[in-house]
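Heavy-atom basis, side chains included; hydrogens, waters and symmetry copies ignored. Chain naming here is simple, since letters A, B, ... match the order of the sequence lines and numbering starts at 1 in each.
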2 protein chains.
Amino acid sequence: MAEREAGPRPGGRSARVQASVHRAVRALLARMDRAEVTIPLVAAEAGVTPSTIYRRWGELNELLADVAVERLRPDMVPVETGSGRGDLLAWAEQYAEEMSSGLGREMIRDVLAAEGAAGPRRCCCYARQQIAVIADRAATRGEAFPDLDAVLDGVIAPILFRILFDEALGGERVGVLVEGVFAGFGRRA
Amino acid sequence: MAEREAGPRPGGRSARVQASVHRAVRALLARMDRAEVTIPLVAAEAGVTPSTIYRRWGELNELLADVAVERLRPDMVPVETGSGRGDLLAWAEQYAEEMSSGLGREMIRDVLAAEGAAGPRRCCCYARQQIAVIADRAATRGEAFPDLDAVLDGVIAPILFRILFDEALGGERVGVLVEGVFAGFGRRA
DNA sequence: GTGCTAAAAGCAAATTCTTTGCGTTTGGAG
DNA sequence: CTCCAAACGCAAAGAATTTGCTTTTAGCAC
């Protein structure tokens with residue numbers, strides 16, 4: 001946890017530019033189609049020159065991915081329901097809903113479209129961390145809770161797979177996935 | 001199944017142009033980095049003018065996605081091993097390996113990066129069809145075989161999720177996934 | 001076959017985006 | 001305070017994208 005975001009020391013000029021560019025991207029994304037957003041537009045909105053953005057991010061995809069990863073970072077701890085299973089179900093349902101929205105889907109695609117695997121990895125980490133919180137709480141209560149990877153494969157993976165490749169899963173289907181993971185416990189290496 | 005690919009009547013000029021553009025894309029992709037491929041380059045390689053490509057595909061992403069979907073179409077029936085479980089395992093292992101390769105991963109990302117959900121849907125259909133073949137064979141033999149969606153969620157989804165967001169799964173892990181799907185039978189609605 | 005038509009391709013100019021060299025500003029370190 | 005390296009602005013050069021117009025082509029009716 002040495003790095004914060006993609007920016008250097010906080011407070012410097014560099015950080016201010018990054019912040020205003022990110023803000024500009026969010027503003028543009030809110031009022032126009034993603035296909036119409038261009039770097040010169042973002043630059044104008046942010047009050048910087050295009051070359052600044054080109055030098056820092058290289059291309060639009062990288063910038064959009066950068067912004068998307070930041071927006072995908074969870075901003076609250078999973079709600080507590082009394083049981084690990086309940087926590088996971090509640091969290092997974094909310095996760096599925098957020099990611100299924102038009103904006104959510106676009107952000108995932110932006111993250112995947114960027115070069116390198118850093119962005120996707122970080123998104124994976126976000127989910128993993130949230131689940132770890134739930135798992136820790138369950139352990140504290142003395143409950144059994146499935147392996148982290150089992151949850152990733154059994155719940156997160158299908159949710160994202162359906163959003164990306166097929167049709168978003170409804171809440172009941174998410175519930176079935178959670179049940180499945182809890183039913184299939186000790187089978188994993 | 002009224003449409004063939006993305007092209008109009010076969011044999012026309014339109015189809016010839018599409019074929020040569022696709023060929024050009026594959027040729028360029030084979031000898032340079034994807035980031036260096038541009039529409040003017042493809043046009044030159046294909047012997048057409050850039051505006052032809054712009055009018056037909058709009059942007060590079062769409063063209064790359066178009067080519068990628070075609071390349072992702074399975075070109076053979078799943079190998080027969082004697083049991084549904086064996087068939088599925090063999091097929092899933094090969095699928096995971098193909099998709100994990102640098103080229104495979106790039107093609108998936110290209111498909112996802114394009115506008116609209118048609119490309120990803122088609123990829124999903126390809127996998128579904130292949131699994132359906134295996135399931136049908138199993139049914140003919142009188143074997144029990146898990147639900148198609150269970151296989152998609154339990155095997156395909158984790159494979160693709162790991163490739164896209166984390167680290168590709170090894171063959172053993174694929175085997176575990178297949179086992180899991182067979183172990184978790186009638187639980188699904 | 002001949003001529004007609006609509007769809008698609010070519011061409012080229014206009015526009016917009018991207019890259020790059022160079023000078024200036026800025027925040028931090030000595 | 002002074003210096004330095006990193007980052008930014010500016011502007012010109014280079015590429016890509018869009019677009020109006022013309023030409024070609026394949027299919028169809030006669």
Side-chain angles (χ1 to χ4, degrees), chain A residues 2-25 27-29 31-67 70 110 113-116, chain B residues 2-25 27-29 31-67 70 110 113-116:
Chain A
E3 304 280 351
R4 281 182 52 83
E5 275 308 294
R9 307 179 197 69
R13 176 175 52 158
S14 211
R16 281 200 305 277
V17 168
Q18 163 156 342
S20 62
V21 169
H22 274 221
R23 207 173 328 110
V25 169
L28 290 180
L29 248 29
R31 71 163 174 271
M32 60 175 62
D33 197 59
R34 196 166 99 277
E36 308 177 60
V37 176
T38 65
I39 288 188
L41 257 181
V42 174
E45 174 85 16
V48 301
T49 57
S51 65
T52 294
I53 298 184
Y54 283 115
R55 277 198 247 257
R56 255 178 99 148
W57 282 277
E59 54 170 335
L60 187 59
N61 269 351
E62 298 296 320
L63 172 55
L64 291 178
D66 204 29
V67 174
E70 188 174 319
D110 286 339
E115 280 304 306
Chain B
E3 304 282 349
R4 282 180 53 81
E5 275 308 293
R9 306 180 197 70
R13 174 176 54 159
S14 212
R16 280 200 307 277
V17 168
Q18 161 154 345
S20 62
V21 169
H22 275 220
R23 208 174 327 110
V25 168
L28 291 180
L29 248 29
R31 69 164 175 270
M32 61 174 63
D33 197 61
R34 198 167 97 276
E36 308 177 61
V37 176
T38 64
I39 287 188
L41 257 180
V42 174
E45 174 84 18
V48 302
T49 57
S51 63
T52 294
I53 298 183
Y54 284 115
R55 279 200 245 257
R56 253 178 103 147
W57 283 278
E59 55 170 334
L60 187 59
N61 269 350
E62 299 296 320
L63 172 56
L64 291 177
D66 204 30
V67 173
E70 188 174 320
D110 285 341
E115 281 303 307

message = At less than 4.0 Å, is any side-chain N or O atom of A/Arg13 found next to OP1 or OP2 of C/dG28? Yes or no.
response = no
key: Criterion side chain to side chain contact (heavy atoms under 4.5 Å, CB included) on A/Arg34 and B/Glu115, from CA distance to verdict   = CA-CA 10 Å; A/Arg34 196 166 99 277; B/Glu115 281 303 307; 3.9 Å; yes
task = Measure the distance from CH2 on B/Trp57 to C1' on D/dT18 and round it to the nearest whole Å.
result = 17 Å
query = Is there a side-chain contact between A/Glu62 and A/Arg56 (heavy atoms, below 4.5 Å)?
reply = no
ask   = Under 4.0 Å: is that the gap between some side-chain N or O of A/Arg56 and OP1 or OP2 of D/dC8?
value = yes
key: Length of the CG-P vector between A/Leu60 and C/dT19, whole Å   = 12 Å
ask   = In whole Å, what is the span from the CG atom of A/Leu41 to the P atom of C/dC17?
value = 7 Å
query = From D/dT25, D/dC8, C/dA12, pick the nucleotide closest to the side chain of B/Ser51?
reply = C/dA12
query = Of the candidate nucleotides D/dA7, D/dG9, C/dA9, which contains the atom at the shortest distance from the side chain of B/Thr52?
reply = C/dA9
side-chain contact (heavy atoms from CB on, under 4.5 Å) partner of A/Ile53, the single match among A/Leu60, A/Val25, A/Val21, A/Val17 = A/Val21
Protein-nucleotide distance (A/Glu62, atom CD; C/dC17, atom P), rounded to Å = 19 Å
message = Rounded to whole Å, how long is the line connecting atom CG of A/Leu63 with atom P of C/dC17?
response = 15 Å
query = Rounded to whole angstroms, how far apart are CZ on A/Arg55 and P on D/dA5?
reply = 18 Å
Rounded distance (Å) that lies between atom C1' of D/dA16 and atom CD of A/Glu59 = 14 Å
inquiry  = So, OP1 or OP2 of D/dC8: does either fall under 4.0 Å of a side-chain N or O from A/Thr49?
reply    = no
query = Within this structure, what is the CZ-to-P distance between A/Arg16 and C/dT26, rounded to whole angstrom?
reply = 9 Å
ask   = Do A/Val67 and A/Leu64 pass the side chain to side chain contact (heavy atoms under 4.5 Å, CB included) test, and can you show the C-alpha distance, the side-chain angles, and the key distance before you say yes or no?
value = CA-CA 5 Å; A/Val67 174; A/Leu64 291 178; 5.8 Å; no
